Amino acid sequence: MRTHTCGALRLSDIGQTVSLCGWVARRREHGEKLAFVDLRDHTGITQCVVDNDVDVRSEYVVRITGVVRARPEGTVNSALPTGEVELGECVVEVLRKADPPPFPIDARADEVDEGIRLQHRYLDLRRERMQRNLRLRARVNSAVRAAMEEQGFVEVETPMLVPSTPEGAREFLVPSRKEPGAFYALPQSPQLFKQLLMVAGVDRYYQMARCLRDEDLRADRQYEFMQMDMEMSFVNQDDVLAAVSHSVLAAAEAATGVRPPDIERITWREAMERFGVDKPDLRFGMELVELTDVFASTEFKAFAGAASIKAICVPAQNTVVDISSFGRNQLDRLTDRAKKIGAKGLVWLKVTEDGIESPVAKFLSESETAEILVRTGAQAGDLVLIVADSWMTTCEVLGQLRNDMGRPPVHEGPYRYVWVVEFPLFVGVSAETGQPKPGHHPFTTPHPEDIDLMETDPMAVRSIAYDLVLNGWELGSGSIRIHEPDLQRRVFSVLGISDEDAAKKFGFFLNPFNYGAPPHGGFAFGLDRLVAVLAGEENIREVIAFPKTQSGTDPMTNAPVAADPRQLAELGLRVLPAAT
RNA sequence: GGUCCCGUGGUGAAGUCUGGAGUUCACGCCGGCCUGUCAAGCCGGAGGUCGCGGGUUCAAGUCCCGUCGGGACCGCCA
């Protein structure tokens with residue numbers, strides 16, 4: 001039907017008779033004998049000069065046949081790649097009339113209520129921004145696949161109907177028709193299957209895997225999302241990181257045209273010390289500054305005896321917040337924020353030309369104040385925020401404030417990838433059992449140097465678990481798995497899981513290991529998040545063709561909908577009346 | 001489960017604090033004019049359950065309570 005796309009024509013095509021197909025983006029009428037019709041498809045826009053009276057309106061689908069000609073002098077549109085030419089002597093065929101769209105099919109729809117965009121997603125996706133995102137995503141997918149294949153990974157598909165597993169995220173359940181009362185679960189990840197593929201000798205597995213988790217939605221979380229899931233045998237951590245890095249960097253290059261440098265690596269401990277979070281955004285400074293020793297023998301009661309005292313310096317030159325406008329009100333609000341995050345309080349110091357201004361200034365000795373300024377490097381106009389608490393709380397509170405005060409928008413600044421390694425094996429304590437909880441999952445290998453601490457000081461044990469972080473977004477995580485039963489038993493023991501419990505909960509998964517499990521490890525990263533950052537989008541919904549709203553509905557299809565009673569009967573289900 | 005923000009012709013906003021006739025602006029839509037525009041221009045017109053329900057009041061878009069929808073976040077996401 002068409003000889004060219006709407007973004008294709010250039011001066012070199014002048015004289016050709018061509019046919020274009022697309023949607024009417026805009027029509028500028030100058031009386032019956034002259035109208036400019038901007039024809040749009042996913043490649044761009046071409047101006048067509050129509051000199052007969054044809055009724056074409058916004059979003060009509062048309063085929064226009066005409067002759068490519070140079071635009072008259074002074075009428076070139078430098079904003080369009082096709083702006084030096086136009087289509088003349090146009091014959092217009094209306095392929096399909098269209099109602100006026102509920103919102104403009106251009107950049108103005110960025111301002112339209114997202115519910116309305118989702119209700120008419122097929123129109124929203126017609127827009128240049130969304131087409132760009134869809135196509136960027138496709139390039140990333142393709143590059144990731146190619147990079148994995150190139151490294152000898154074999155794509156294996158795993159089932160969507162799986163048994164429910166005891167640990168982890170809440171699952172979506174699917175009732176069994178043949179066995180009323182029994183349910184499948186939709187996979188929150190292919191974790192078990194990919195490890196069994198290692199037992200099966202697949203050696204290097206990958207999959208673009210759809211994962212489903214029935215947890216509350218966020219800007220970076222949907223019920224269903226895609227992971228590049230991989231697992232490999234006879235490897236150590238370096239092998240896994242290298243394989244994933246290769247894939248992620250190839251994806252980044254495909255998306256942006258620039259191959260990022262090798263991905264740097266920091267330990268979890270260092271990430272917490274310097275940035276106060278386990279997913280640090282390396283695009284900006286404001287790192288946490290150690291002050292504990294400065295106050296070793298302080299008179300200031302709030303600092304005396306604190307396990308950890310740290311500070312961040314918010315520079316006056318700061319694109320995110322304007323410190324100079326900070327009055328008492330904003331500073332009080334910062335303190336409230338710190339308390340909400342878990343600090344007992346927050347000490348602030350405004351640095352001025354002739355010293356400092358702070359409610360606690362009179363409690364600090366001259367040498368203490370001087371040392372604060374030296375260590376933080378604070379200059380006049382800067383704001384210093386200090387927290388004194390347990391090491392963890394101090395880091396976390398300042399890390400959050402650092403992000404609040406300094407984190408640039410996602411589309412700004414360079415891409416800063418970082419591997420965070422040596423995550424703690426255990427994190428926190430289970431409210432039910434009083435035992436430590438697994439940091440990653442219960443099959444993660446403890447760090448060899450720390451294995452002997454497992455029974456005596458479990459919370460100090462590091463693991464061979466790692467996260468990949470990009471500009472403060474957690475892209476994914478992985479670990480070297482335990483393949484050896486004695487070690488697995490020791491970890492279970494710390495978790496408070498007896499041999500009997502383990503057999504009951506994980507038997508179907510662990511018994512196969514007895515037939516010969518190779519040492520193995522793997523990783524999975526979220527495609528949606530990677531694509532969102534590469535696309536400069538704050539929200540993964542912008543890179544998903546048909547996403548759900550925060551409450552888990554789809555305004556276009558109205559999903560979820562009540563089930564037909566006959567369907568329920570067939571499944572042996574009855575819906576309880578809503579509790580009142 | 002919780003905190004906060006938003007809901008006003010098809011779209012985006014102002015009006016809400018401080019109650020007084022559905023008032024205003026821009027885009028879109030319909031009609032007319034218009035031969036070089038390009039998010040064309042000019043003239044005219046249509047289009048509303050101010051999310052929904054209840055309350056206070058002589059009077060509610062505006063105040064109060066509830067509810068629904070959208071968004072950001074906490075919890076949750078091994």
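Below, chains carry the letters A, B, ... as their sequence lines are ordered, and counting in each starts from 1. Keep in mind it's a predicted model, so treat the numbers as computed, not measured.
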*Would you kindly give the CG-to-C1' distance between A:Asp113 and B:A72, to the nearest whole Å?*
14 Å
*Please tell me which of the listed nucleotides, B:U11, B:G31, B:C74, lies nearest to the side chain of A:Arg218?*
B:C74
*Can you check the A:Lys340 NZ to B:G75 P distance for me, whole Å?*
11 Å
_Is there, by distance only and without an angle test, a donor paired with an acceptor across the side chain of A:Glu86 and the base of B:G36 below 3.5 Å?_
yes
*Atom-pair distance (CZ on A:Arg26; P on B:G36), nearest Å*: 20 Å
*Summarise how protein sits on nucleotides 43-48 of chain B as a single string, 5' to 3': B when a protein heavy atom is under 4.0 Å from the base, S for sugar-phosphate-only contact, - for no contact.*
------
*With both distances under 3.5 Å as the test, what is the Watson-Crick or G-U wobble partner of B:U3?*
B:A72
*A:Glu29 CD - B:C29 C1' separation (whole Å)*: 14 Å
*asked:* Could you identify the nucleotide paired to B:U67, looking across every strand shown and requiring Watson-Crick or G-U wobble geometry with both distances under 3.5 Å?
replied: B:G51
*Answer with base, sugar-phosphate or nothing: what part of the nucleic acid does A:Gln550 contact at a heavy-atom distance below 4.0 Å?*
base
*Where the side chain of A:Arg28 is defined as all heavy atoms beyond and including C-beta, which of B:G71, B:G75, B:A40 is the nearest nucleotide?*
B:A40
*Quickly work out the A:His441 NE2 to B:A78 P distance and round it to whole Å.*
10 Å
